[in-house]
Amino acid sequence: MGKLPWYVDYFIYSCGFNSTVDFIIITDDRSYAKQLPNNVRLINSTLDEINRRATQVLGFATNITNGYKLCDFKPAYGLIFADLLKGYNFWVHADLDVVFGDIRAFITRQILRDYDLISVRHDFLTGQFLIFRNTDKINNLFTLSKDYKKVLAAEQHYCFDETNFQWDGFTEGRYYTEIASEVESMTHLVKRLAENNYLKVHFDFLIVEGSPGRMKWQRGKLIYRNRYEILLYHLVLFKKVAIPKKVKSIPDSFSITPTRFRHGI
């Protein structure tokens, strides 16, 4: 929460080229005045209002005192924001530090038909972009973690939506039961449930992270190293080293270097 970051213009611009996907940005920043694409809308809500909503929906006192804590609540958005998701077959929790390519080039009708959860990494569930089938079973999935009430009632952030900070263990390919964790994270939970055929989950490596540069965005397509089309670029490290620059408009083509968005390619 707080003022929308400088790179949100690129997030929103890339959303606009994914016209078959609707995007909802919930924010307490009322100062953003730029024109939005038809498939993007802003909803104003304070952190206190979200906390009260979560408490009411979940049936116990939640403790959301900062925006970072919202990460733990992402798996519960299907319940907390159910009124916003009516009529959709799928919903996604996503971060603002993202530039999208062509989402539907990767998330095909067949993948949507065959899977209940779709992650854009091959090794663990991705907090920056994770697709849920919009059913009661999948929207209540998080409640099957033995620790969900502990996580959602605490002020402490647990990285519940991903791995409880145990990314390395999953990236190394270790079996989920061998990866020690203070709480049963969503990745631990989903690996267990998928193993027992409770749901079907799709893991695939469709993103770039870090700050490698050598990316080109062109009219909704995102290409890495002039060779690989990717679904999204996650700015998690890029935004720490990037040179912030406010722009009046974003062109139909731009490149992404290790430290900046560069126009005029």
Side-chain angles (χ1 to χ4, degrees), residues 14-15 17-24 71-79 81 85 87-95 97-145 148 159-164 166-179 181 184-209 220-224 228-234 236:
S14 69
C15 290
F17 281 79
N18 287 281
S19 59
T20 63
V21 181
D22 291 337
F23 297 85
I24 301 171
C71 294
D72 284 340
F73 285 79
K74 288 177 180 177
Y77 283 0
L79 297 185
F81 300 110
L85 302 175
Y88 292 103
N89 293 322
F90 292 85
W91 63 273
V92 182
H93 61 61
D95 291 340
D97 59 346
V98 161
V99 175
F100 290 111
D102 184 352
I103 295 172
R104 295 306 299 272
F106 299 91
I107 310 303
T108 63
R109 289 181 180 272
Q110 181 175 348
I111 288 176
L112 292 174
R113 182 191 65 203
D114 292 345
Y115 295 97
D116 302 306
L117 277 181
I118 302 163
S119 176
V120 293
R121 281 190 64 102
H122 62 293
D123 40 10
F124 54 80
L125 296 183
T126 40
Q128 69 271 25
F129 188 88
L130 183 66
I131 301 176
F132 291 71
R133 188 178 297 278
N134 193 16
T135 63
D136 288 342
K137 174 181 175 179
I138 302 303
N139 290 344
N140 283 278
L141 198 62
F142 70 97
T143 66
L144 299 181
S145 166
Y148 87 94
C159 189
F160 179 62
D161 58 322
E162 292 188 349
T163 67
N164 186 225
Q166 303 305 310
W167 302 287
D168 289 348
F170 288 102
T171 299
E172 292 164 3
R174 291 161 54 195
Y175 192 54
Y176 72 93
T177 60
E178 299 173 349
I179 302 174
S181 175
E184 186 179 34
S185 74
M186 285 296 294
T187 300
H188 286 87
L189 171 66
V190 165
K191 295 273 189 179
R192 171 170 65 83
L193 295 178
E195 186 176 67
N196 290 293
N197 298 314
Y198 183 80
L199 81 166
K200 293 183 178 180
V201 57
H202 183 69
F203 290 95
D204 199 357
F205 200 20
L206 304 176
I207 68 172
V208 169
E209 298 183 281
K221 295 287 186 178
L222 189 54
I223 308 297
Y224 177 51
Y228 305 103
E229 184 176 358
I230 57 176
L231 190 152
L232 66 85
Y233 175 41
H234 187 201
V236 60

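From a predicted model like this one, the values you see are computed outputs, not experimental measurements. Sequential numbering from 1 along the given sequence is applied to the chain's residues.
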By side-chain hydrogen bond (donor to acceptor under 3.5 Å, both in side chains), which residues pair with Asp116, not counting sequence neighbours?
Arg133
Assess whether side-chain contact (heavy atoms from CB on, under 4.5 Å) is satisfied between Thr163 and Phe124, documenting all intermediate values.
CA-CA 7 Å; Thr163 67; Phe124 54 80; 3.6 Å; yes
When rounded to the nearest 0.5 Å, the distance separating OG1 of Thr20 from CZ of Arg104 is 4.5 Å
Of all heavy-atom pairs between Leu199 and Leu193, which one has the smallest distance, and what is that distance?
CD2-CB, 3.5 Å
Taking the six-membered ring of Phe203, is the NZ or CZ of Lys191 close enough (under 6.0 Å from the centre) and on axis enough (within 45°)?
yes
Distance (rounded to the nearest 0.5 Å) between Asp161 CG and Leu130 CG
8.5 Å
Would you say Gln166 and Tyr176 are linked by a side-chain donor-acceptor pair, where the criterion is simply a distance under 3.5 Å?
no
At their closest point, which heavy atom of Val190 faces which heavy atom of Leu141, and how far apart are they?
CG2-CD2, 4.0 Å
For Glu162 against Thr126, the heavy-atom pair lying closest together
OE2-C, 3.8 Å
Quick check: Phe160 with Phe142 (ring centres under 6.0 Å apart)?
no
Under a 4.5 Å cut-off applied to non-hydrogen side-chain atoms, are Asp102 and Asn18 in contact?
yes
Contact check, side chains of Asp22 and Tyr88, non-hydrogen atoms, under 4.5 Å
yes
Say whether, by atom type as modelled, one donor and one acceptor occur between the side chain of Thr187 and the main chain of Leu125 under 3.5 angstrom.
yes
Spell out, as yes or no, whether a donor-acceptor pair under 3.5 Å connects the side chain of Asn164 to the backbone of Ser181.
no
Minimum heavy-atom separation for Gly127 to Lys74, with atom names?
O-NZ, 3.0 Å
More than 12 non-hydrogen atoms from neighbouring residues, nucleotides or ligands closer than 6.0 Å to NZ on Lys200, yes or no?
no
Any donor-acceptor N/O pair, Ser145 side chain to Leu189 backbone, under 3.5 Å:
no
Can Asn139 and Trp91 be counted as having a side-chain donor-acceptor contact under 3.5 angstrom?
yes
For Ser185, check side-chain hydrogen bond (donor to acceptor under 3.5 Å, both in side chains) against everything at least two apart and list the hits.
His188
In the structure I gave you, are the side-chain heavy atoms of Ile179 and Phe170 within less than 4.5 Å of one another anywhere?
yes
Ignoring hydrogens and angles, write down the donor-acceptor pairs under 3.5 Å from the side chains of residues 105-114, residues two or more places apart or on other chains.
{"residue": "Thr108", "atom": "OG1", "partner": "Ile111", "partner atom": "N", "Å": "3.2"}

Side-chain heavy-atom pair Leu222, Tyr233 within 4.5 angstrom cut-off
yes
From Leu144 atom CG to Tyr198 atom OH, the distance as rounded to the nearest 0.5 Å
5.0 Å
Here the gap from Ile103 atom CD1 to Phe17 atom CZ, rounded to the nearest 0.5 Å, amounts to 13.0 Å
Worked verdict on Phe132 versus Leu117 for side-chain contact (heavy atoms from CB on, under 4.5 Å):
CA-CA 5 Å; Phe132 291 71; Leu117 277 181; 3.5 Å; yes
Can any side-chain N or O of Asn134 pair as donor or acceptor with the backbone N or O of Gly78 at less than 3.5 Å?
no
Contact summary for Thr143 and Asn140, nearest pair of heavy atoms
OG1-O, 2.6 Å
Check: Phe23 ring centroid to Phe100 ring centroid under 6.0 Å
yes
Might you confirm whether atom CG of Asn196 has over 12 heavy atoms from other residues, nucleotides or ligands at distances under 6.0 Å?
yes
Would you mind reporting whether Leu232 and Phe129 have side-chain heavy atoms less than 4.5 Å apart?
yes
Within 6.0 angstrom of Phe205 CZ, more than 12 heavy atoms from elsewhere:
yes
For residues Gln128 and His93, determine if any side-chain heavy atom of one lies less than 4.5 Å from a side-chain heavy atom of the other.
no
Got a second to check how far Arg121's CZ is from Leu206's CG, nearest 0.5 Å?
11.0 Å
Passes side-chain contact (heavy atoms from CB on, under 4.5 Å), Val236 versus Glu209? Steps please.
CA-CA 7 Å; Val236 60; Glu209 298 183 281; 4.1 Å; yes
Using every non-hydrogen atom in the two residues, find where Phe73 and Tyr77 come nearest and quote the distance to one decimal.
O-CD1, 3.2 Å
